[in-house]
Amino acid sequence: MQLSEVLIVLAAVACLVGYQVKYVRDSRRRPDSTPFGISAISRRLWVESVMAERRDVLAVQTMRNWTMAASLLASTAFVVSVGLVSFVLAADDVPEFVHRLNFLGTTTEQIVVVKILILLVNFFVAFFNFTQAIRYYNHVALDINVPPTASATISPAVVAKLLDRGALHYAWGLRSYYLAAPLLLWLFGPLWLLLGAVMLVAVLYRFDHVG
């Protein structure tokens, strides 16, 4: 890889990582400024309300919806991963249009295969996070129906913490989906990667902050 290409890739990575670090910091220090922080507060209050008022039907329906959404996204990530593996193993050469759109950067077949493998790892990370979200949602679906007075270990605080872990894995799974866009553009060259990273950060900042 050329030095200019390496610098562009590093700039794109710094842009994505820097924004994510800022978002995590904002969610922790000012939870009312981000949807994730607000949702964390809402989840805790929701768990306390459901367990105190014995709203079992509401809990089951809500957890079922969250589990179905995570299952769909996990299945999609797995199918895309299998498709990428099949493409890497079956493709004889790289399509010509990939090289034509690469205005700056290495165009060797080995580099393109490495980029596809990175994209593959990204979807495997998404699959892992969504399956972990399903795991925690299943735990919560059982624990949230236990009366608060029945066990000292299964308290609303503990159930809310399990629900937060499931929500965190769900959020990281979605981030992996978002990251797939600039990684896909990277196939056409480092400039497209940088452009995709900047556009993704701009869009996420608009939707990741309240007010």
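Because the structure is a prediction, the values reported are computed rather than measured.
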Val79-Val121 co-clustered via ILVMFWY side chain contacts under 4.5 Å: no

Student check: side-chain heavy atoms of Val47 and Ile144 closer than 4.5 Å: yes

Straight-line distance of Thr34 OG1 to Ile38 CD1, nearest 0.5 Å: 6.5 Å

Atom pair CG/CE of Leu194 and Met199 - distance to nearest 0.5 Å: 12.0 Å

Shortest non-hydrogen separation from Asp32 to Val210 and the atoms involved: O-CB, 4.3 Å

Step-by-step side chain to side chain contact (heavy atoms under 4.5 Å, CB included) determination, Trp46 to Thr62: CA-CA 11 Å; Trp46 179 77; Thr62 304; 3.7 Å; yes

Minimal non-hydrogen separation, Pro190 against Glu5, with atom names: CG-CG, 3.6 Å

CZ-CZ distance between Arg135 and Arg165, expressed to the nearest 0.5 angstrom: 9.0 Å

Aromatic ring pairing Tyr136/His169, orientation class (parallel under 30°, perpendicular over 60°, tilted between): parallel

Verify same cluster id: Phe128, Phe123 (apolar side-chain graph, 4.5 Å): no

Any donor-acceptor pair under 3.5 Å from Asn65 side chain to Gln61 backbone: yes

Distance, nearest 0.5 Å, that separates OG of Ser176 from CG of Leu183: 9.5 Å

Heavy-atom side-chain proximity of Leu193 to Leu185 below 4.5 angstrom: no

Contact summary for Gly196 and Pro182, nearest pair of heavy atoms: C-CB, 3.9 Å

Closest contact, heavy atoms only, Arg54 versus Asn145: NH2-O, 3.0 Å

Path from Leu117 to Leu119 over hydrophobic side-chain contacts below 4.5 Å: yes

same_hphob_cluster(Tyr23, Val21) at 4.5 Å side-chain heavy-atom cutoff: yes

Euclidean distance, Ile134 CD1 relative to Met63 CE, rounded to 0.5 Å: 11.0 Å

Aromatic ring pairing Trp66/Tyr137, orientation class (parallel under 30°, perpendicular over 60°, tilted between): tilted

Six-ring centre of Phe36, Arg30 cation under 6.0 angstrom, axis tolerance 45°: no

Side chain to side chain, Val159 and Leu163, heavy atoms closer than 4.5 Å: no

Shortest non-hydrogen contact between Ser81 and Leu120, atoms and distance: O-CD1, 3.3 Å

Basic-acidic side-chain contact under 4.0 Å: Asp208, Arg175: yes

Rounded distance [0.5 Å steps], CG in Asp164 versus OH in Tyr170: 15.5 Å

Val9 side chain near Trp186 side chain, heavy-atom distance below 4.5 Å: yes

Over all atoms of both residues, closest heavy-atom pair of Ile154 and Met51: O-CE, 4.0 Å

pair Leu174-Phe130: side-chain heavy atoms closer than 4.5 Å: yes

Same cluster (ILVMFWY, side-chain, under 4.5 Å), Val24 and Tyr205: no

